[in-house]
Structure formats: C-alpha cells, structure tokens
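I have placed the structure first, in the form of structure tokens, so that the comments after it can refer back to it.
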Amino acid sequence: QVQLVESGGGLVQAGGSLRLSCAASGRTFSGYGGGWFRQAPGKERGFVAAISWSGNIYYADSMKGRFTISRDDAKNKVYLQMNRLKPEDTAVYYCAARIDGIYYSFDSYQYWGQGTQVTVSS
C-alpha cells in the first residue's frame, strides 16, 4: 500500500505560480510512476502530468511550457511546479501512483491522494 498526501495548493492570481508536493508513505516510491490529475467543478478528472520510475516525463498539451513535474525518490516525493497560472487551471489537484499502464489513463493509477485545491483568480 502507498499513501499519498498532497500539499501546496491555495489561492493565487492569474500569472502567478504554485508548487504542489506529494508525499508518499507506506512503500518506497522509487518503483512507481507518479502522476498529477485535476478535477474542476462539473468536469471529469483529467490528466495533467506524469513521471515514470525511470524519469520519463509527459504533459497534457495545455500544460506544456507552464508546468514542470519532478520527483525526489530520496524524499519519497513528487512535485508539480505550476507557472503562469490561468483561471481555467482552477481545480482540485490529485497526486497518483501507478506500477504500470498508460501514463495518462486514470485507470492505470492504483493509489490516490485526497487532493489539494488550487484557485486562480482573474
């Protein structure tokens, strides 16, 4: 079992930045792929970014150039640096972990955090 806890969300003005953290416990995170998803009110949970256990990185098209995913296996953490935030980035952001499967697929992830709210004001 892997437990995930997100932190770092909050209220920020458009154009600002936030850094989300995801702390893993229960097992070492180094053998898992990490991912970030988000869910806005009335919308489905959607893929944001992923990083494999070997360090391969993937982004949703709308996040490329603005968001950066990284991991620190020594600290059992995954991060999401979000820059040039837009009001449409407002959502609950979830951290997730997977052993294998398609990186952008919700169903590939076995473990999920509770989410952290990100609100971007215009």
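We count residues from 1, following the sequence as given.
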TODO: For Glu6 and Gly115, indicate whether the former's side chain and the latter's backbone hold a donor-acceptor pair under 3.5 Å.
DONE: yes
Task: Minimum heavy-atom distance between Asn76 and Phe29, given as atom pair plus value - done: OD1-N, 3.0 Å
- [ ] Enter the distance from Gln117:CD to Gln39:CD here, rounded to the nearest 0.5 Å.
- [x] 11.0 Å
Open item on the list: Quick check on the hydrophobic clustering: are Ile57 and Met82 connected, directly or via other members, by side-chain heavy-atom contacts under 4.5 Å?
Closed with: yes
- [ ] State the OG-CZ distance between Ser70 and Arg19, to the nearest 0.5 angstrom.
- [x] 6.0 Å
TODO: Using the rule that two of Ile, Leu, Val, Met, Phe, Trp, Tyr join whenever any of their side-chain heavy atoms come within less than 4.5 Å, decide whether Tyr79 and Tyr32 are in one cluster.
DONE: no
Open item on the list: Membership question, hydrophobic clusters at under 4.5 Å side-chain separation (ILVMFWY): are Tyr109 and Val48 in the same one?
Closed with: no
- [ ] May I ask whether Trp36 and Leu4 are part of the same hydrophobic cluster, defined by side-chain heavy atoms of I, L, V, M, F, W, Y residues being less than 4.5 angstrom apart, directly or through others?
- [x] yes
Open item on the list: For Gly33, is there any backbone N or O sitting under 3.5 Å from a side-chain donor or acceptor partner on Arg71?
Closed with: no
TODO: Might you point out which heavy atoms bring Pro87 and Ala14 nearest each other, and give the distance in Å?
DONE: CD-CB, 4.1 Å
Task: Sub-4.5 Å side-chain heavy-atom contact between Glu44 and Phe106 - done: no
TODO: Answer yes or no: is there an ion pair linking Asp61 with Lys64, defined by an N-O contact shorter than 4.0 Å?
DONE: yes
- [ ] For residues 40-70, pull every pair meeting ring pair (Phe, Tyr, Trp, His ring centres under 6.0 Å), keeping only residues two or more places apart or in separate chains.
- [x] Phe37-Phe47, Phe47-Tyr103, Tyr58-Tyr103
Task: Val78 vs Ile69 side-chain heavy atoms within contact, under 4.5 Å - done: yes
TODO: Taking all heavy atoms of Arg66 and all of Arg84, pick out the closest pair and write down the distance.
DONE: NH1-O, 3.0 Å
TODO: Decide whether Val2 and Ile99 are clustered together by the hydrophobic rule: side chain heavy atoms of Ile, Leu, Val, Met, Phe, Trp, Tyr closer than 4.5 Å, transitively.
DONE: yes
Open item on the list: Please identify which of these residues, Leu18, Leu20, Val118, Thr68, meets the side chain to side chain contact (heavy atoms under 4.5 Å, CB included) condition with Leu80.
Closed with: Leu20
TODO: Report yes or no: does Thr119 contribute a side-chain atom to a donor-acceptor pair with the main-chain N or O of Thr90 at less than 3.5 Å?
DONE: no
Task: Rounded distance (nearest 0.5 Å) linking atom OG of Ser62 with atom NZ of Lys86 - done: 7.5 Å
Task: side-chain contact (heavy atoms from CB on, under 4.5 Å) between Arg38 and Asp89, intermediate numbers included - done: CA-CA 9 Å; Arg38 69 185 187 184; Asp89 293 319; 2.8 Å; yes
Task: Minimum-distance pair of heavy atoms, taken over all atoms of Gln81 and Ser17 - done: NE2-CB, 3.9 Å
- [ ] Would you give the length of the straight line joining atom OG of Ser108 to atom CD of Gln110, rounded to the nearest 0.5 angstrom?
- [x] 7.5 Å
